[in-house]
Participant: 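After the structure tokens below, expect a handful of questions from me.
Keep in mind that the numbers below use all heavy atoms, side chains included, and drop hydrogens, waters and symmetry copies. Chain A is the first sequence line, chain B the second, and so forth, proteins listed ahead of strands; every chain is numbered from 1.
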Number of protein chains: 2
Amino acid sequence: MEIKIKNVKEQLHSAGFKLTPQREVTLKILLENKNSHLSAEDVFLRVKEEYPEIGLATVYRTLELLSDLQILEKMNFGDGVSRYDFRKTGTKHFNHHLICVKCGKVQEVEDDLLSDVEKIIEHEYGFMVMDHRLTFHGVCRECQLKEDTNETD
Amino acid sequence: MEIKIKNVKEQLHSAGFKLTPQREVTLKILLENKNSHLSAEDVFLRVKEEYPEIGLATVYRTLELLSDLQILEKMNFGDGVSRYDFRKTGTKHFNHHLICVKCGKVQEVEDDLLSDVEKIIEHEYGFMVMDHRLTFHGVCRECQLKEDTNETD
DNA sequence: GTGTGTGCAAAAGATTTGCAGGGCT
DNA sequence: AGCCCTGCAAATCTTTTGCACACAC
């Protein structure tokens, strides 16, 4: 369940790559911000605090490498930047996201709610589903409460 | 059901904008390529054939304007470019997309398959859903047939 | 010494913006 | 005249790439 750096190190080695200090710090930051869907820039800034010599290109290369190895998932919420987070292993990596249009928070939904929908797609459209992305835009619980209290919107 | 330029013209006027020749050609191209999910560049190149003086910035501005007016929907399939298509009016604009990883074709699913899922999200997560994006990645019927015939992949 | 990985700077690609000019009212 | 709209070029932003150097085996 828990992702460990040691674990990733083995995956890197078995694919012929090394766990360099830069990659290790990057991984550490990602582990500390699990489910935060950081952008490359976000990761870069945080890694830089701990490893100031790092270059943005290295962060991009690391994020791409880890995505290729299916350790990270690269996703895109339509705001022009790619965001990265650990790919869930147990759940067939079928996560959904709830994006609050008020506060911008991104919340994960780990339940797989789409198996029925997928069956329909496969039967009705003859489309063999390999993966899916589901994003809901709306207002999160906290912002709904805030709105009720403070009607200044 | 059918979108007409005249109709859009009225929407523009009531919002204080004009239907310029550039905007009209852009609309015409979009109408001719409904459900094709053209990128700004795609639209630009096609408009240019008919209206060579147009600038790319104008196309961007038109696409943004029409998206603001909820005539177009701006979407993003994670390939780094925004794509545009008419927003479906009848269907609560809840369309889903099937993206074929073999041939790149994007197919529309107009059925609303998510009303049950949405209820779960609202009840379980207290999240007020306003819109959603659902994309399936997989292999379309045609490419599956091609693969069966020609096992050269 | 061969190869991988890095930092920097430059390049590339998509989109936005500043500005002067054009047309309509 | 005033205002909206346009084309062009420049600017911006994200991401990728080229290159020389460093480090490991």
Participant: Please enumerate all residues that pass side chain to side chain donor-acceptor pair (under 3.5 Å) together with B:N76, with sequence neighbours excluded.
Facilitator: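 So B:N76 forms no side chain to side chain donor-acceptor pair (under 3.5 Å) with any residue.
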Participant: Would one find more than 12 heavy atoms of other residues, nucleotides or ligands at under 6.0 Å from atom NZ of A:K9?
Facilitator: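 Result for NZ/A:K9: open.
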Participant: Could you see if A:I29 belongs to whatever hydrophobic cluster contains A:V81? Use Ile, Leu, Val, Met, Phe, Trp, Tyr and a side-chain cutoff under 4.5 Å.
Facilitator: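 No.
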Participant: With a 3.5 Å cut-off and no angle check, do the side chains of B:Y84 and B:E73 form a donor-acceptor pair?
Facilitator: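 No, no side-chain donor-acceptor pair sits under 3.5 Å.
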Participant: Taking only nitrogen or oxygen atoms into account, show me every contact under 3.5 Å that the protein makes with nucleotides 13-20 of chain D, one pair per line with its distance.
Facilitator:
residue: D:dT15; atom: OP1; partner: A:S82; partner atom: N; Å: 2.8
residue: D:dT15; atom: OP1; partner: A:S82; partner atom: OG; Å: 3.2
residue: D:dT15; atom: OP2; partner: A:Y60; partner atom: OH; Å: 2.4
residue: D:dT15; atom: O5'; partner: A:Y60; partner atom: OH; Å: 3.1
residue: D:dG18; atom: O6; partner: A:R61; partner atom: NH1; Å: 3.4

Participant: Where do A:A15 and A:L69 come nearest, in terms of heavy atoms and distance?
Facilitator: CB-CD2, 3.8 Å
Participant: Using a heavy-atom cut-off of 4.0 Å to chain B, what are the terminal contacting nucleotides of DNA chain C, in 5' to 3' order?
Facilitator: C:dA14 to C:dG18
Participant: Look at all strands and tell whether B:Y51 reaches a base, only sugar-phosphate, or nothing, counting heavy atoms closer than 4.0 Å.
Facilitator: sugar-phosphate
Participant: Do any of residues 14-33 of chain A sit with a heavy atom less than 4.0 Å from DNA chain D, and if so which?
Facilitator: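 Contacting residues: none.
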Participant: Parallel under 30°, tilted from 30 to 60°, perpendicular over 60°: which one fits the rings of B:H132 and A:F136?
Facilitator: perpendicular
Participant: Of the non-hydrogen atoms in A:L98 and B:Y125, which two are nearest, and what is the gap between them?
Facilitator: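 For A:L98 and B:Y125, the tightest heavy-atom pair comes out as CD1-CB, 3.9 Å.
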Participant: What side chain to side chain donor-acceptor pair (under 3.5 Å) pairs are there with at least one residue in residues 55-71 of chain A, not counting sequence neighbours?
Facilitator: A:Q70-A:R87
Participant: Just N and O in the side chain of B:T58: are any of them under 4.0 Å from OP1 or OP2 of D:dG7?
Facilitator: yes
Participant: What pairs of residues pass the salt bridge (Lys or Arg N to Asp or Glu O under 4.0 Å) test when at least one of them lies in residues 15-31 of chain A, not counting sequence neighbours?
Facilitator: A:K28-A:E32, A:K28-A:E50
Participant: Under 30°, 30 to 60°, or over 60°: which ring-plane class applies to B:H97 and B:H37, parallel, tilted or perpendicular?
Facilitator: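 Plane angle over 60°, so perpendicular.
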